[in-house]
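Proteins get letters first, then strands, A, B, ... in listed order; numbering begins at 1 in each. Given the structure is predicted, the values throughout are model-derived calculations rather than measurements.
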2 protein chains.
Amino acid sequence: MKEVDYKQLLEQKGLKKTKVRMTLIRHFVHLDHAQSYSDLQAALVKELDKSTLYRNLTSFEQAGIIHRINDHSGVAKYAFGESPIEGDDHAHFVCECCETVYCMETPAPGEFNVPEGFKTNKVQTIIRGICADC
Amino acid sequence: MKEVDYKQLLEQKGLKKTKVRMTLIRHFVHLDHAQSYSDLQAALVKELDKSTLYRNLTSFEQAGIIHRINDHSGVAKYAFGESPIEGDDHAHFVCECCETVYCMETPAPGEFNVPEGFKTNKVQTIIRGICADC
DNA sequence: TTGTAAATGCAACTCGGTTGCATTTATATT
DNA sequence: AATATAAATGCAACCGAGTTGCATTTACAA
């Protein structure tokens, strides 16, 4: 994806092309794993305001440019792209060694037998293990 | 489970029988769904110190009296009993209407095909839907 | 009964995340 | 190119979950 495309991506989603947003997109695009707020702060050392960052993460998420991941670490992480399996949730892999979070193409399983009266809408899955780098 | 048993449960786990702990156990036992810190604070109006509460939640968890649940709400919740499926993780059901979290006996599925070099250890599952009460 | 380690309560703190508001900036309009 | 306007930014102040250090109290064993 080229610089020009980032601009188009923003325009297409009705978001203004600002310095902060371009920096953010550029950063997300070339990463294969999810980033938390503090990861982002550390990586983008340039003056980057906390609330500006959070507000942009939110609007990017709403625009489908990134998606929010909840591994079970207590802090939200974000990765480039909409949920790969449109609408539905894809699984996330958390490395128990380096804590890195990867998006898996593996779809969540369909069937879970819940008790009488319970209705299943969707299933979210976290896979824990060791990643290829560790 | 009777009062006397609570005491035995604590002794057996090497935990001293204190007022706070008895109150906590008593509270957890007769609940069918998970409690967050603020749920507990609200329910146990009696003077209950924040750090004491957290420290007890931690030791109860280590002792296997309760287990910690991470639905994707951002706050940890706790429910009575060890993970029903010994060692392995059981699924948790989050009601999208009342936000209540229930433990499901349903085991997590075995097979997820992860990329080359990735090794799966365990799978954690959150089922979202509508509970029997809603 | 008393000694001791563990449990409690309190205050102060960290950190993720949010909100209100004044200032700045992107962009559409002239 | 100048300008009007709504949106984006930066800042400070705030909230709530969870943690830590420390002095005091309590359970329990000797």
Side-chain (A:His67) to main-chain (A:Gly81) donor-acceptor, under 3.5 angstrom: yes
Distances for protein N or O near nucleotides 3-6 of chain C N or O, under 3.5 Å:
unit_1 : atom_1 : unit_2  : atom_2 : d
C:dA6  : O4'    : B:Lys16 : NZ     : 3.1

Between C1' of D:dT9 and CG of A:Leu15, the distance in whole Å: 14 Å
Set of side-chain contact (heavy atoms from CB on, under 4.5 Å) partners for B:Ser38, sequence neighbours left out: B:Ser36
Interatomic distance where NZ belongs to A:Lys77 and C1' belongs to C:dG16 [whole Å]: 13 Å
Separation of C:dT8 P from B:Leu57 CG (nearest whole Å): 11 Å
Whole angstrom value for the distance that separates P of D:dT19 from CZ of B:Arg68: 7 Å
Residue list, side-chain contact (heavy atoms from CB on, under 4.5 Å) with A:Leu31, at least two apart or on another chain: A:His27, A:His33, A:Gln35
Position toward the 5' end of DNA chain D (nearest nucleotide), B:Lys17 or B:Tyr37: B:Tyr37
From D:dA17, D:dT9, C:dG17, nucleotide with atom closest to A:Ala76 side chain: C:dG17
Donor-acceptor contact present, side-chain A:Lys122 to main-chain B:Arg128, <3.5 Å: no
Main-chain N/O of A:Asn56 paired to A:Arg21 side chain as donor or acceptor, under 3.5 Å: no
A:Ser36 side-chain N/O to C:dG16 phosphate OP1/OP2 under 4.0 Å: no
Interatomic distance where CD belongs to A:Glu61 and C1' belongs to C:dG17 [whole Å]: 14 Å
Rounded interatomic separation in angstrom, taking CG from B:Leu48 and P from D:dG18: 14 Å
Under-4.0 Å side-chain N/O to phosphate OP1/OP2 contact, B:Tyr54 with D:dT19: no
Salt bridge (Lys or Arg N to Asp or Glu O under 4.0 Å) involving B:Glu61 - partner list, sequence neighbours excluded: B:Arg68
Linked, directly or transitively: A:Leu40 and A:Val75 (ILVMFWY side chains, under 4.5 Å): no
Polar pairs (N or O, both sides) under 3.5 Å between protein and nucleotides 11-14 of chain D?
unit_1 : atom_1 : unit_2  : atom_2 : d
D:dC11 : N4     : A:Ser51 : OG     : 2.7

Side-chain (B:Thr52) to main-chain (B:Leu48) donor-acceptor, under 3.5 angstrom: no
Members besides B:Ile69 in its Ile/Leu/Val/Met/Phe/Trp/Tyr cluster (side-chain heavy atoms under 4.5 Å): B:Val94, B:Val101, B:Ile126
Spacing of B:Lys19 atom NZ relative to D:dC28 atom P, expressed in whole Å: 14 Å
Length of the line joining B:Asp39:CG and D:dG16:P, which is rounded to integer Å: 14 Å
